[in-house]
Amino acid sequence: LLSEPHRGTALMETAAGDHGGKYLTFKLANEEYGLEILKVREINGMMDITAVPQMPPYMKGVINLRGKVIPVIDLRLKFGFMEIEHTEQTCIIVVDVGQDIGIIVDTVSEVLDIKGESIEPPPQVGKAVDNSFILGMGKVGDSVKILLNIARVLTEEEMLDLNDATGSAQANELAEVGV
């Protein structure tokens, strides 16, 4: 029989181990992040983004991707980093969070296969800081990748705002083409 401290450790290792798999890694500022590859729909270079009025600064607007209106957020701004000029390496990663959304990142790095035993739970930094969107910390060589639960990056209320923005942008676009 395991003593209590060992039982808790075994549970944490099992939970972290469940997150092993392939991750698309990307950079924001000087940090490296990863997304579960199964959540990634596609990667695009920067394109025209239609601004939607009265949205928070990190909600950049919507794009028309092959006839589908997709909301776009700037992950830099959402995470509290300073806004920078986009470069030829800036990308929009379209991810599935129950609906497709685009996230703007500085640059896409690579796809990594990170084993479950190389993923530690997110650091506990107190109740004042919400890190529920961090799936874990992936150790790769000498570096650490912050693995995101992309479905939790936006709150439920923010997702509703995005849905409203997408709906009104799509209605405006249909009106412009006379539908």
Side-chain angles (χ1 to χ4, degrees), residues 8-47 49 56 58-63 65-66 68-81 86-87 89-125 129-163 165-166:
T9 304
L11 287 174
M12 277 203 298
E13 288 170 358
T14 303
D18 292 344
H19 300 305
K22 294 194 181 300
Y23 289 86
L24 175 69
T25 60
F26 60 90
K27 287 187 179 181
L28 284 178
N30 293 321
E31 301 300 328
E32 291 244 10
Y33 295 84
L35 295 172
E36 293 172 288
I37 197 76
L38 295 175
K39 299 284 186 195
V40 177
R41 292 272 189 241
E42 60 185 274
I43 303 166
N44 297 294
M46 284 304 296
M47 55 182 64
I49 299 174
Y58 62 87
M59 291 185 184
K60 289 305 190 183
V62 294
I63 56 173
L65 192 61
R66 293 181 295 284
K68 185 174 181 186
V69 176
I70 297 176
V72 176
I73 67 167
D74 188 326
L75 214 49
R76 247 181 180 276
L77 297 180
K78 175 64 179 154
F79 287 173
F81 295 123
H86 296 152
T87 70
Q89 293 186 342
T90 305
C91 294
I92 298 175
I93 303 172
V94 178
V95 295
D96 178 7
V97 295
Q99 75 174 65
D100 288 347
I101 65 166
I103 58 171
I104 300 172
V105 301
D106 294 352
T107 183
V108 169
S109 302
E110 61 187 324
V111 174
L112 293 174
D113 194 359
I114 303 176
K115 297 194 181 321
E117 57 267 15
S118 296
I119 300 173
E120 292 190 9
Q124 297 302 314
V125 288
V129 178
D130 177 20
N131 66 358
S132 65
F133 59 89
I134 300 176
L135 195 62
M137 310 304 279
K139 298 177 286 184
V140 180
D142 291 337
S143 67
V144 174
K145 314 290 185 203
I146 301 169
L147 305 179
L148 300 177
N149 179 342
I150 196 62
R152 290 191 175 170
V153 167
L154 294 177
T155 65
E156 202 170 310
E157 185 176 318
E158 291 167 336
M159 285 300 292
L160 290 172
D161 287 345
L162 272 183
N163 287 335
T166 305

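This chain uses plain numbering: 1 for the first residue, then up along the sequence. What you see below is based on every heavy atom in this structure, not just the backbone, and it leaves out hydrogens, waters and symmetry mates.
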Minimum heavy-atom distance between [X] and [Y], given as atom pair plus value:
X      : Y      : answer
Pro122 : Ile134 : CG-O, 3.3 Å
Ile49  : Lys60  : CG2-O, 3.4 Å
Phe81  : Glu31  : CZ-CG, 4.5 Å
Gln99  : Pro71  : NE2-CG, 3.5 Å

Do the non-hydrogen side-chain atoms of [X] and [Y] ever get within less than 4.5 Å of each other?
X      : Y      : value
Met137 : Ile119 : no
Ile43  : Leu24  : yes
Ile70  : Ile92  : no
Glu42  : Leu65  : yes
His86  : Asp74  : yes
Gln89  : Asp106 : no
Leu154 : Ile101 : yes
Ser143 : Glu32  : no

Could you give the distance from [atom1] ([X]) to [atom2] ([Y]), rounded to the nearest 0.5 Å?
X      : Y      : atom1 : atom2 : answer
Ile104 : Lys78  : CD1   : NZ    : 14.5 Å
Tyr23  : Lys39  : OH    : NZ    : 11.0 Å
Glu117 : Lys139 : CD    : NZ    : 9.5 Å
Thr107 : Lys27  : OG1   : NZ    : 7.5 Å
Ile103 : Leu28  : CD1   : CG    : 8.0 Å
Phe26  : Thr90  : CZ    : OG1   : 13.0 Å

Set out, in order, the CA-CA distance, both residues' side-chain angles and the distance that settles side chain to side chain contact (heavy atoms under 4.5 Å, CB included) for Asp100 and Lys68, then state yes or no.
CA-CA 10 Å; Asp100 288 347; Lys68 185 174 181 186; 3.2 Å; yes
Looking at Glu157, I want to see if its CD is surrounded by more than 12 non-hydrogen atoms of other residues, nucleotides or ligands under 6.0 Å.
no
In terms of the angle between their ring planes, are Tyr33 and Phe79 parallel, tilted or perpendicular, with boundaries placed at 30° and 60°?
tilted
Any side-chain to backbone donor/acceptor pair from Ser118 onto Gly138? Under 3.5 Å, distance only.
no
